[in-house]
Amino acid sequence: AGGTSAGGGHVNICAHRGFWNCADAGHAQNSIASLGLAQEFGFWGSEFDVQMTKDCFLVVNHDGDINGKSIHDNNYEDIKDELLSNGEKLATLSQYLEQGKKSKTVMELEIKGAGSPERDSIATMLTLQALKDHKVFDPKRVEFQAFSFQVCKLLARYAPGFSCLYLEGDLSPEEIHKEGLNGIAYSKHVFMNHPEWVQDAKARGIKTDVWTINEPDDMRYFVEAGLDQIESDYPLVLREVLGELEEKAK
């Protein structure tokens, strides 16, 4: 479940921010409830964001602050009781991993900047240790992504069997390959400006991902372009589009 073959081939559906568009169901992005919903609907993966507090405690939140409190400038005790929009408390990475290991849904961890290159490295290593502690240090269960090239290179070194997607930037697949990285995740504009990068990446064994694809026409375009996976705030719509394309291909 979670992906299908149509047009350009198999594509994985990843629920962006843990299926955050489920507000009608009373959930919030990066919440335990949103991860559970992605699991319930059987998507290939669910993306969420790992942040590190001032005292090096790992929590899950998309933004760098929660209710006006900066995460990496506050100790965990200062923010642990802050509530998400659905009333849940700010989730710890440990809680998220415990929920995530209950299904086959891949957990796509975006490791966010922690305030400095040194702290980014600490956040990366603590994340890897947390996966080991929770017995989900498994490339079939986890995928990484980061805007920081340094974080991506650390992950390539210490988790070499895992997919690690370098977010955004303007590096071509050739440059990514030279750095020893195995994945790229760009916004739609980057891939539309460089359509040749999709096939170039495939030829080099680099995984391709495009994120926040929320319009049906964009979904069709990137399925036909042959990307490996698509992250959407509206994964149910994406699944409908994939079904339509699959029917046409018959």
Side-chain angles (χ1 to χ4, degrees), residues 1-2 12-55 57-114 123 126-127 130-131 134 136 141-147 167 185 209 211-216 219 229-240:
N12 292 325
I13 299 176
C14 187
H16 192 230
R17 301 182 190 175
F19 199 2
W20 77 274
N21 69 298
C22 48
D24 290 342
H27 303 321
Q29 62 185 22
N30 272 210
S31 64
I32 298 295
S34 70
L35 175 57
L37 199 62
Q39 294 168 336
E40 178 184 335
F41 280 103
F43 294 117
W44 169 84
S46 177
E47 183 263 345
F48 61 96
D49 307 271
V50 179
Q51 308 262 8
M52 190 174 75
T53 64
K54 185 178 180 179
D55 54 349
F57 200 96
L58 299 179
V59 297
V60 174
N61 199 57
H62 174 69
D63 298 321
D65 62 75
I66 180 166
N67 300 328
K69 293 183 177 180
S70 169
I71 290 175
H72 66 70
D73 288 333
N74 279 278
N75 292 331
Y76 176 64
E77 285 295 316
D78 300 324
I79 60 173
K80 67 182 181 67
D81 293 325
E82 294 295 326
L83 301 180
L84 303 178
S85 61
N86 66 333
E88 283 186 27
K89 283 188 178 181
L90 178 70
T92 66
L93 177 60
S94 178
Q95 290 169 329
Y96 225 86
L97 295 179
E98 282 302 304
Q99 174 67 35
K101 68 194 292 186
K102 295 177 182 178
S103 82
K104 295 181 180 179
T105 305
V106 172
M107 293 178 284
E108 188 172 79
L109 286 71
E110 179 184 337
I111 300 178
K112 294 281 196 174
L126 287 177
T127 298
L131 293 171
H134 289 273
V136 285
R141 301 300 318 282
V142 173
E143 180 171 282
F144 300 106
Q145 57 179 234
F147 281 98
L167 286 159
D209 175 289
W211 44 270
T212 321
I213 301 303
N214 296 333
E215 298 296 329
M219 294 173 182
Q229 66 193 49
I230 297 174
E231 293 182 43
S232 177
D233 298 332
Y234 300 92
L236 288 171
V237 176
L238 175 55
R239 189 152 63 189
E240 290 177 4

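All heavy atoms count here, side chains included; hydrogens, waters and symmetry mates do not.
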A.B. asks: What is the distance from atom OG1 of T53 to atom CG of N74, rounded to the nearest 0.5 Å?
C.D. replies: 8.5 Å
A.B. asks: What is the distance from atom OH of Y96 to atom CG of L35, rounded to the nearest 0.5 Å?
C.D. replies: 4.5 Å
A.B. asks: Any donor and acceptor pair, going by atom type alone, linking the side chain of R17 with main-chain N or O of S31 inside 3.5 Å?
C.D. replies: no
A.B. asks: Ignoring hydrogens, what is the shortest heavy-atom contact between S46 and C14? Give both atom names and the distance.
C.D. replies: N-SG, 3.9 Å
A.B. asks: Is W211 reaching over with its side chain to a backbone N or O of S232, donor-acceptor style, under 3.5 angstrom?
C.D. replies: no
A.B. asks: The criterion is side-chain contact (heavy atoms from CB on, under 4.5 Å); which residues satisfy it with E215, sequence neighbours excluded?
C.D. replies: D218
A.B. asks: Please identify each residue that fulfils side chain to side chain donor-acceptor pair (under 3.5 Å) with N61, with sequence neighbours left out.
C.D. replies: none
A.B. asks: Taking side-chain contact (heavy atoms from CB on, under 4.5 Å) as the definition, give me every residue that meets it alongside L83, ordered by chain and number, with sequence neighbours left out.
C.D. replies: K89
A.B. asks: With Q39, which residues qualify under side chain to side chain donor-acceptor pair (under 3.5 Å), at least two apart?
C.D. replies: Q99, S103
A.B. asks: Before you tell me yes or no, could you show the steps for E231 and Q145 under side chain to side chain donor-acceptor pair (under 3.5 Å), namely the whole-Å CA-CA distance, both residues' side-chain angles and the distance that decides it to 0.1 Å?
C.D. replies: CA-CA 12 Å; E231 293 182 43; Q145 57 179 234; 3.1 Å; yes
A.B. asks: Side chain of N214, backbone of D233: donor and acceptor closer than 3.5 Å?
C.D. replies: yes
A.B. asks: Could you work out, with side chain to side chain donor-acceptor pair (under 3.5 Å) as the rule, every residue matching E88, not counting sequence neighbours?
C.D. replies: N86
A.B. asks: Looking only at heavy atoms, what is the nearest atom pair of M219 and I213, with distance?
C.D. replies: CE-O, 3.4 Å
A.B. asks: Ring pair (Phe, Tyr, Trp, His ring centres under 6.0 Å): which pairs involve residues 62-84, sequence neighbours left out?
C.D. replies: F57-Y76
A.B. asks: Check the pair I32 / Q95 against side chain to side chain contact (heavy atoms under 4.5 Å, CB included), numbers first and verdict last.
C.D. replies: CA-CA 8 Å; I32 298 295; Q95 290 169 329; 4.3 Å; yes
A.B. asks: After noting the C-alpha distance and the side-chain angles of I13 and R239, does the key distance pass the side chain to side chain contact (heavy atoms under 4.5 Å, CB included) rule?
C.D. replies: CA-CA 7 Å; I13 299 176; R239 189 152 63 189; 3.8 Å; yes
A.B. asks: One pair to check against side chain to side chain contact (heavy atoms under 4.5 Å, CB included): D209 and E108. What are the steps and the verdict?
C.D. replies: CA-CA 12 Å; D209 175 289; E108 188 172 79; 4.1 Å; yes
A.B. asks: With a 4.5 Å cut-off on side-chain heavy atoms, are L167 and E110 touching?
C.D. replies: yes
A.B. asks: Could you pull out the closest heavy-atom pair between Q51 and G113, with the gap in Å?
C.D. replies: OE1-O, 4.2 Å
A.B. asks: Using the test side chain to side chain donor-acceptor pair (under 3.5 Å), find all partners of T212 that sit at least two apart in sequence or belong to another chain.
C.D. replies: none
A.B. asks: For N75, check side-chain contact (heavy atoms from CB on, under 4.5 Å) against everything at least two apart and list the hits.
C.D. replies: K54, D55, D78
A.B. asks: May I have all residue pairs that pass salt bridge (charged side-chain N to carboxylate O under 4.0 Å, His left out) and include part of residues 38-51, sequence neighbours excluded?
C.D. replies: D49-K112
A.B. asks: Could you tell me which non-hydrogen atom of N30 sits nearest to which non-hydrogen atom of G18, and how far apart they are?
C.D. replies: ND2-N, 4.4 Å
A.B. asks: Going by salt bridge (charged side-chain N to carboxylate O under 4.0 Å, His left out), name the residues that satisfy it together with E143, two or more places apart in sequence or in a different chain.
C.D. replies: K207
A.B. asks: Is the backbone N or O of V136 less than 3.5 Å from a side-chain atom of K101, with the two atoms forming a donor-acceptor pair by type?
C.D. replies: no
A.B. asks: For a side chain to side chain contact (heavy atoms under 4.5 Å, CB included) check, start with the C-alpha distance between I230 and N12, then their side-chain angles and the critical distance, and finish with the verdict.
C.D. replies: CA-CA 6 Å; I230 297 174; N12 292 325; over 6 Å; no
A.B. asks: Quick check: closest heavy atoms across M52 and A114, and the distance to 0.1 Å?
C.D. replies: CE-CB, 3.9 Å
A.B. asks: Sequence neighbours left out, what passes side-chain contact (heavy atoms from CB on, under 4.5 Å) with V50? Give chain and number order.
C.D. replies: F48, L58, L93, L109, T127
A.B. asks: Would you mind listing every salt bridge (charged side-chain N to carboxylate O under 4.0 Å, His left out) that reaches into residues 59-75, with sequence neighbours excluded?
C.D. replies: K69-E82
A.B. asks: Specify the closest pair of heavy atoms between Q229 and W44, including all atoms of both residues, with the distance to one decimal.
C.D. replies: OE1-CH2, 3.2 Å
